[in-house]
Amino acid sequence: MKITTIRNVAASLLLCLLAAACAPKKKRPNILMIMSDNQSWNHAGCYGDRTVRTPNMDLIARQGVRFTNAFCSSPSCTPARAAMLTGQDIWRIEEGANLWGVLPTKFKLYTDLLEASGYELGFQGKGWGPGSFTANKRSRNPAGNEFKNFGDFLHARKGAPWCYWVSSHEPHRPYEVGSGERAGIHADSVQVPGYLPDCKDVRTDIADYYAAVETFDKELGEILQQLRASGDLENTVIIVCSDNGWQMPRGLANLYDFGTRVPLIISWPGKFRENETSDHLVTLNDLAPTFLELGQVTVPAEMTGRSLLPVVTKGQTATTRDYVVLGRERHAFVRQHGLGYPGRAIRTPDYLYIRNYEPDRWPAGDPPLYGDIDPYMLHYPGLAKCYIMAHKDSAAIKPFFELGFAKRPAEELFDIKNDPDELHNLAADQHYAHLKDSLAAKMQAHLVATGDPRVTGKQLIWDHTDYFSEIDKTPTPNATYQKQFKLDSVYNYLK
């Protein structure tokens with residue numbers, strides 16, 4: 001090759017590099033996540049509920065993509081939020097897999113990575129938690145810089161792209177008994193799932209929960225109004241979701257859909273698909289790589305989540321998952337010596353397979369408090385739980401007690417299409433033996449590939465890690481329930 005030709009090629013390459021360096025970077029969007037606390041996926045108007053009124057969630061759904069198969073990594077507040085922040089399965093984040101624990105500093109968080117890239121960061125409410133971020137020398141909540149409200153954050157922002165997390169308390173228990181009726185939600189209009197008895201107390205409890213969902217939706221409406229007034233709406237990606245399922249028997253703290261399946265809506269009008277429904281199997285862990293890609297930040301290789309941008313962006317095509325794998329370790333401190341109820345689950349579009357690693361333990365917590373079902377220490381009203389407890393010996397209610405409170409076999413298998421309330425365990429049915437073995441093998445392979453100590457033989461730490469809520473270790477049920485259920489005035493789980 002002639003020297004002049006080489007010079008020409010080199011000059012062309014240099015010009016290309018200079019052009020690339022000088023080209024304006026694509027404007028990075030703001031990211032606004034509004035998260036409810038303990039809301040199941042199907043309790044919103046846009047998800048088909050005909051009773052609860054959620055006009056603001058419905059609006060965002062019309063403007064964006066509504067996911068019908070979205071799951072949290074774990075049916076427990078702290079690990080679900082930790083997994084979302086790290087983009088990793090809970091068994092990969094050590095103490096972060098437990099409620100009321102810590103989130104080790106060695107794990108990269110999308111919040112910190114976005115902030116390091118120039119994003120302004122803020123949150124309100126719980127953020128990551130409950131737990132102690134100071135116990136492992138964090139200077140702030142892993143969710144970022146805390147603000148009293150969204151308005152204060154908007155006033156304080158300096159003009160950079162921002163990422164803000166509205167972490168609502170609603171519809172977390174306790175509920176004021178009768179609040180649903182006072183909100184115009186009639187108990188006879190609610191739909192009672194098959195795993196709960198259809199009675200006045202349960203209907204009232206669901207109506208009260210619906211009132212709390214409606215309060216969340218009003219909060220969402222106020223946030224959207226502030227966003228419009230700020231002038232930032234056009235360049236803001238909006239995410240509406242919940243951290244885990246509702247606080248009913250077989251809900252929160254359980255690997256059934258009622259504990260893990262959550263609403264998830266993503267909207268950016270003009271940029272993302274609008275008024276669409278996606279049945280892709282996704283998890284909240286997918287939000288971390290999604291947010292990082294939006295912020296033009298390299299996604300760490302250790303993140304097991306997968307960006308959702310191909311699903312929501314106009315003109316893009318996404319590959320689908322065949323399954324997601326979920327897990328639980330210790331939820332509340334509700335068994336002697338702080339033992340958890342470890343399990344893993346694989347969820348396909350049609351089936352749910354669960355492996356309970358300690359079937360001799362009580363999944364709902366040690367009797368008589370059954371503390372993994374809310375009200376977890378019986379220190380405030382909880383109509384559904386207490387109705388089942390009060391009538392557990394009657395022929396009509398005993399099956400519901402067995403479903404929600406009793407010990408479970410090591411394996412569970414449910415046909416989601418034909419048994420959406422997950423009432424019939426098919427694990428011992430020989431007609432499903434091949435399917436069960438196939439699902440178990442797929443789950444095992446995933447757990448091995450992602451380094452789960454439950455299957456790799458590494459040290460199991462979750463029964464013994466610190467739990468930063470001392471009052472839970474010696475629970476005191478309230479006087480009404482002490483009398484009704486002949487309970488002691490105090491229990492000691494440390495003996």
Side-chain angles (χ1 to χ4, degrees), residues 36-44 46-49 52 66-77 79-80 83-84 89-90 171 190-196 202 206 209-210 213 241-265 277-286 321-328 331 341 343-356 363-364 372-374 384 400 402-405 408-409 411-427 432 435-436 439 442-443:
S36 59
D37 197 330
N38 301 341
Q39 179 184 2
S40 283
W41 85 97
N42 52 341
H43 298 140
C46 56
Y47 280 91
D49 194 298
V52 68
R66 176 176 60 89
F67 289 85
T68 59
N69 280 316
F71 297 83
C72 58
S73 182
S74 183
S76 175
C77 295
M84 184 193 71
D89 297 317
I90 66 159
V190 306
Q191 183 175 351
V192 180
Y195 53 90
L196 296 176
V202 170
I206 294 175
Y209 157 78
Y210 276 3
V213 172
C241 63
S242 181
D243 58 347
N244 42 244
W246 67 340
Q247 291 171 280
M248 291 285 181
R250 288 175 81 85
L252 178 69
N254 289 276
L255 289 168
Y256 307 122
D257 276 17
F258 330 110
T260 61
R261 196 171 173 188
V262 295
L264 174 63
I265 308 167
T277 299
S278 170
D279 61 1
H280 281 70
L281 286 162
V282 303
T283 74
L284 295 184
N285 302 10
D286 297 329
R321 285 190 179 106
D322 295 327
Y323 58 84
V324 292
V325 180
L326 317 170
R328 66 167 285 186
H331 183 59
Y341 191 77
R344 302 290 183 265
I346 182 170
R347 177 65 156 80
T348 73
D350 298 325
Y351 294 96
L352 170 68
Y353 170 80
I354 299 173
R355 176 72 166 88
N356 299 311
D372 259 350
I373 300 176
D374 284 276
F400 298 104
E402 296 289 325
L403 285 170
F405 297 74
R408 296 166 185 165
E411 294 181 292
E412 298 178 82
L413 175 66
F414 299 96
D415 180 345
I416 304 298
K417 297 293 185 182
N418 296 308
D419 179 24
D421 285 331
E422 298 169 16
L423 302 176
H424 307 292
N425 181 12
L426 304 172
Y432 292 87
L435 172 67
K436 184 193 74 172
L439 291 173
K442 288 180 181 179
M443 186 176 78

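Excluded from the calculations below are hydrogen atoms, water molecules and symmetry mates; all remaining heavy atoms, backbone and side chain alike, are included.
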Nearest-0.5 Å distance, [atom1] of residue [X] to [atom2] of residue [Y]:
X: Phe258; Y: Tyr195; atom1: CZ; atom2: OH; value: 5.0 Å
X: Asn69; Y: Arg261; atom1: CG; atom2: CZ; value: 5.0 Å
X: Ser73; Y: Ile90; atom1: OG; atom2: CD1; value: 5.5 Å
X: Asn356; Y: Arg328; atom1: CG; atom2: CZ; value: 8.5 Å

Please name the pair of heavy atoms, one in [X] and one in [Y], separated by the smallest distance, quoted to 0.1 Å.
X: Phe414; Y: Asp419; answer: CD2-OD2, 4.0 Å
X: Leu439; Y: Leu413; answer: CD1-CD1, 3.8 Å
X: Ile373; Y: Ala364; answer: CD1-CB, 3.7 Å
X: Ala80; Y: Ser74; answer: CB-O, 3.3 Å
X: Phe71; Y: Val324; answer: CD1-CG2, 4.2 Å
X: Tyr256; Y: Leu352; answer: CA-CD2, 4.0 Å

- request: Take His331 and Tyr341 through the ring-ring contact (aromatic ring centres under 6.0 Å, His included) test and state the conclusion after the steps.
  value: CA-CA 8 Å; His331 183 59; Tyr341 191 77; over 10 Å; no
task: Give a yes or no on this: more than 12 heavy atoms of other residues, nucleotides or ligands lie within 6.0 Å of atom CD of Gln191.
output: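 It does not: Gln191 CD has 12 such atoms or fewer within range.
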I'd like to know if the side chain of [X] reaches the main chain of [Y], judged simply by a donor and an acceptor atom lying under 3.5 Å from each other, with no hydrogens or angles considered.
X: Asp37; Y: Pro171; answer: no
X: Asp421; Y: Leu423; answer: no
X: Arg66; Y: Cys46; answer: yes
X: Asn254; Y: Asp372; answer: no
X: Thr348; Y: Tyr351; answer: yes
X: Asn244; Y: Cys77; answer: yes
X: Arg321; Y: Leu281; answer: yes
X: Tyr209; Y: Gln39; answer: no
X: Arg355; Y: Met443; answer: no

Test applied, side-chain hydrogen bond (donor to acceptor under 3.5 Å, both in side chains); reference residue, Tyr353; option that passes from Glu411, Arg347, Lys442: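 Only one of Glu411, Arg347, Lys442 forms a side-chain hydrogen bond (donor to acceptor under 3.5 Å, both in side chains) with Tyr353, namely Glu411.
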- prompt: Got Asn38 and Ser242 here, is their nearest side-chain heavy-atom distance under 4.5 Å?
  reply: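 In short, these two side chains do not touch, never coming nearer than 4.5 Å.
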Heavy-atom check, side chain of Tyr210 versus side chain of Asp49, under 4.5 Å: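 The answer is yes, as the side chains (C-beta and beyond) meet within the 4.5 Å cut-off.
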